[in-house]
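A quick write-up on the structure given underneath.
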Amino acid sequence: MLVILKISIKKIKMNFVKELEWRGMLQDVMPGTEELLDKEFTTAYLGIDPTADSLHIGHLAGVMMLKRFQQSGHKPIALIGGATGMIGDPSGKSQERNLLDEETLRHNQEAIKKQLSKFIDFSGKEKNSAIMVNNYDWMKEFSFLDFIRDIGKSLTVNYMMAKDSVKSRMSRDGENNDVEGLSFTEFTYQLVQGYDFLHLYQNNNCKLQIGGSDQWGNITTGTELIRRKAGGKAFALTWPLITKADGGKFGKTEKGNIWLDPKRTSSYEFYQFWLNTSDEDAEKYIKIFTIISKEEIEKLVLEHKEAPNLRLLQKTLAKEATIMAHSEKDYETAIEASAILFGNGTKETLEKFDENTFLSVFKGVPQFKVEKNIFNSGIAILDLLAEKTNILASKGEARRLMKDNGLSINQEKEQNSEKIINTDYLINDKFILIRQGKKNYFLIVAE
RNA sequence: GGGGGGAUUCCAGAGCGGUCAAAUGGGGCAGACUGUAAAUCUGUUGGCUACGCCUUCGGAGGUUCGAAUCCUCCUCCCCCCA
């Protein structure tokens, strides 16, 4: 009897706030939030800036929050900041932002919804199915005069100026002289975002806004507005900025952002990104970016500490993240490619693949097309790397790399920078696999 | 408006007539160690037809056998006094 009760409770609900707490994803929460979620079916929203037609890893923490919120039985709203995206949030930025036109916004919104659907349920079949809204839809009809009369009147400039996001842009001190000043447009941002919250409160009974810690100021402008305009009580919850142990920016590599769109960042690169996290970060990230339970993560951490060389944490993290954001099949391809590239692959093992397999395994590896006939009489390795392809920036760099023993052709080290590459090097009569250092692969396709 | 300081290779920052493709640190790249980790250590970090040549020290001229270094003008930045 007791056992059954326990299971059913566990199945019905996880406690959202407690869940975030142990996952290290709770920065600030307004008093009463946990009680609210406990007591009633709640709707919460997260704002997403539609600056591109794909989310990137920087968005992933927020996406996971929506997912967990839905898992805890409540209803998430993904708010596309069509209107706010046109203004630009001054929080955490030192410069005014470019504005987006409507056509781009709509396109981006559709793409983002598709990506979000992999994480949360938008089907409308459940009571807590997620919905997507775009604040442009209610803001575009709102006249300036109406807005400043109805909304602008409710808050004082004094209140708005007290926000850190505004303060940091108001002063131009010696320490921080790349600060640009704040336009009226940007100053208005918090009011517009605050109005979103009010609008959702009134129309969708949305009582909670969640966001990254930099959003706290904007969110509380919203709860304040709800208090004054609607006499209601609304809540705020934020998570901490995701950091890296070495102080670098999370989610960026030398090659730029890690995107969720496989066209921008291949499954292989996506998988590799997670696999390459340091031990310290992996322990933190696996809590944030997977839905693995507390017990299981604790077990994984212990196992990892016993045999860190197996990188169990990184592998599990990379697996879960890749399957969630891409698919099980993409994950398998990524593993296959990784095994070939980082295992004991030789030219012989590479030759076992037929052309299609080869291409599908290496689709995440940057490819360079060259004319096949250049190999007939042979081509100098330096010309191939620096001129026929842009694999390396200059011949000097190629020479240096070879001298440092950092270049492999078809998995074999090559130090002779006078080497002539001919058709003998073509795998399947078509491919040459170039490796720079340990991790950077390039595929030359001859056709 | 007056006075002063500055602009150097990816960044910070030395150099102040030849020995300067330019110290040092950071970053990048590579190697060793390991686990495709972190830390550490080492090498490397303008280009090329490469013991030589070419292009670089805010821009344009000039002085000189020779200039990142000296002079003139211009542009932009910072500081101080009004």
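No experiment lies behind these values; they were computed from the predicted model shown. Proteins come first, then strands; the chains are lettered A, B, ... in the order of their sequence lines, and each starts at number 1.
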Check: Angle class for the Trp274(A)/Phe270(A) ring planes (parallel below 30°, perpendicular above 60°, tilted otherwise)?
Finding: perpendicular
How far, in whole Å, is [M] from [N] if one measures between their [atom1] atoms?
N       : M       : atom1 : answer
rA12(B) : rG58(B) : P     : 13 Å
rG4(B)  : rU72(B) : P     : 13 Å
rA38(B) : rA22(B) : P     : 32 Å
rC11(B) : rA7(B)  : P     : 14 Å
rG66(B) : rG62(B) : P     : 12 Å
rC48(B) : rG59(B) : P     : 23 Å
rG25(B) : rG15(B) : C1'   : 16 Å
rG27(B) : rU75(B) : C1'   : 30 Å

For [X] and [N], what is the distance between atoms [atom1] and [atom2] respectively, to the nearest whole Å?
X         : N       : atom1 : atom2 : result
His304(A) : rA38(B) : NE2   : P     : 12 Å
Asn309(A) : rG35(B) : CG    : P     : 6 Å
Arg435(A) : rA30(B) : CZ    : P     : 11 Å
Lys403(A) : rG43(B) : NZ    : C1'   : 7 Å
Gln436(A) : rG31(B) : CD    : P     : 9 Å
Leu392(A) : rA30(B) : CG    : P     : 10 Å
Phe442(A) : rC29(B) : CZ    : P     : 11 Å
Lys439(A) : rG35(B) : NZ    : P     : 15 Å

Determine the contact category for [X]: base if any of its heavy atoms lies under 4.0 Å from a base atom, sugar-phosphate if only primed atoms, P, OP1 or OP2 are that close, otherwise nothing.
X         : answer
Asn405(A) : sugar-phosphate
Lys413(A) : sugar-phosphate
Gln314(A) : base

For the side chain of [X], counting heavy atoms from C-beta on, which of [options] is nearest?
X         : options                   : answer
Leu401(A) : rA30(B), rG35(B), rU36(B) : rA30(B)
Ser278(A) : rA30(B), rA37(B), rU36(B) : rA37(B)
Pro308(A) : rG35(B), rU34(B), rA37(B) : rG35(B)
Asp404(A) : rG43(B), rG35(B), rU36(B) : rG43(B)

Next item on the list: Decide yes or no for Leu275(A) and Arg311(A): does some side-chain heavy atom of the first lie under 4.5 Å from some side-chain heavy atom of the second?
Entry: yes
Between the side chains of [X] and [Y], does any donor sit under 3.5 Å from an acceptor?
X         : Y         : result
Thr333(A) : Asp330(A) : no
Gln193(A) : Asp196(A) : no
Asp49(A)  : Thr51(A)  : no

Item checked: Strand RNA chain B in bracket notation, Watson-Crick/G-U under 3.5 Å with | for pairs to another chain -> (((((((..(((.....[.....)))((((((.......))))))(((...)))...(((((..]....)))))))))))).
Note to self: If you assign each of Gly406(A) and Glu280(A) to its closest nucleotide in RNA chain B, which residue comes earlier from the 5' end?
What the structure shows: Gly406(A)
Item checked: Positive for side chain to side chain contact (heavy atoms under 4.5 Å, CB included) with Gln436(A), one of Ile391(A), Leu401(A), Leu385(A) -> Leu401(A)
Notebook entry, point to check: Would you call Glu283(A)-Lys305(A) a salt bridge at under 4.0 Å N-O?
Noted result: yes
Checklist line | Lys294(A) and Glu19(A) ion-paired at < 4.0 Å | finding: no
Notebook entry, point to check: rU36(B) base to Gln272(A) side chain: any donor-acceptor pair below 3.5 Å?
Noted result: yes
Item checked: For rC51(B), glycosidic torsion class - syn if within 90° of 0, otherwise anti -> syn
Please list every donor-acceptor pair under 3.5 Å in which a side-chain atom of residues 361-377 of chain A meets a protein atom from a residue at least two apart or in another chain.
unit_1	atom_1	unit_2	atom_2	d
Lys372(A)	NZ	Asp429(A)	O	3.0
Lys372(A)	NZ	Asp429(A)	OD2	3.0

Next item on the list: Quick one: which residue pairs count as a ring-ring contact (aromatic ring centres under 6.0 Å, His included) with a foot in residues 402-438 of chain A, not counting sequence neighbours?
Entry: Phe358(A)-Phe431(A)
Check: Is the gap between the ring centers of Phe289(A) and Phe250(A) under 6.0 Å?
Finding: yes
Check: Does Asn276(A) have a side-chain nitrogen or oxygen under 4.0 Å from the phosphate oxygens OP1 or OP2 of rA38(B)?
Finding: no
Next item on the list: Encode nucleotides 51-56 of chain B as B, S and - characters from 5' to 3', where the letter depends on protein heavy atoms closer than 4.0 Å: B to the base, S only to sugar-phosphate, - to neither.
Entry: ------
Note to self: For the backbone of His326(A) and the side chain of Lys118(A), can you confirm whether one donor and one acceptor N or O come within less than 3.5 Å of each other?
What the structure shows: yes
Notebook entry, point to check: When you measure from the side chain of Gln314(A) to the backbone N and O of Thr277(A), does any donor-acceptor pair fall under 3.5 Å?
Noted result: yes
Atom pairs, protein N/O to nucleotides 46-49 of chain B N/O, distance under 3.5 Å:
unit_1	atom_1	unit_2	atom_2	d
rG47(B)	OP1	Ser394(A)	OG	2.9
rG47(B)	OP2	Arg400(A)	NH2	3.1
rC48(B)	OP1	Lys395(A)	N	3.0
rC48(B)	OP2	Gly396(A)	N	2.9
rU49(B)	OP1	Lys395(A)	NZ	2.8

Exercise answer: donor-acceptor pairs, residues 52-69 of chain A side-chain atoms, under 3.5 Å, sequence neighbours excluded:
unit_1	atom_1	unit_2	atom_2	d
Asp53(A)	OD1	Arg264(A)	NH2	2.6
Asp53(A)	OD2	His107(A)	NE2	3.0
Ser54(A)	OG	Gln115(A)	NE2	3.0
Ser54(A)	OG	Asp261(A)	N	3.2
His56(A)	ND1	Gly58(A)	N	3.0
His59(A)	ND1	His56(A)	N	3.0
Lys67(A)	NZ	Phe119(A)	O	3.0
Arg68(A)	NH1	Thr290(A)	O	3.2
Arg68(A)	NH2	Lys287(A)	O	3.2
Arg68(A)	NH2	Ile288(A)	O	2.5
Arg68(A)	NH2	Thr290(A)	O	3.1

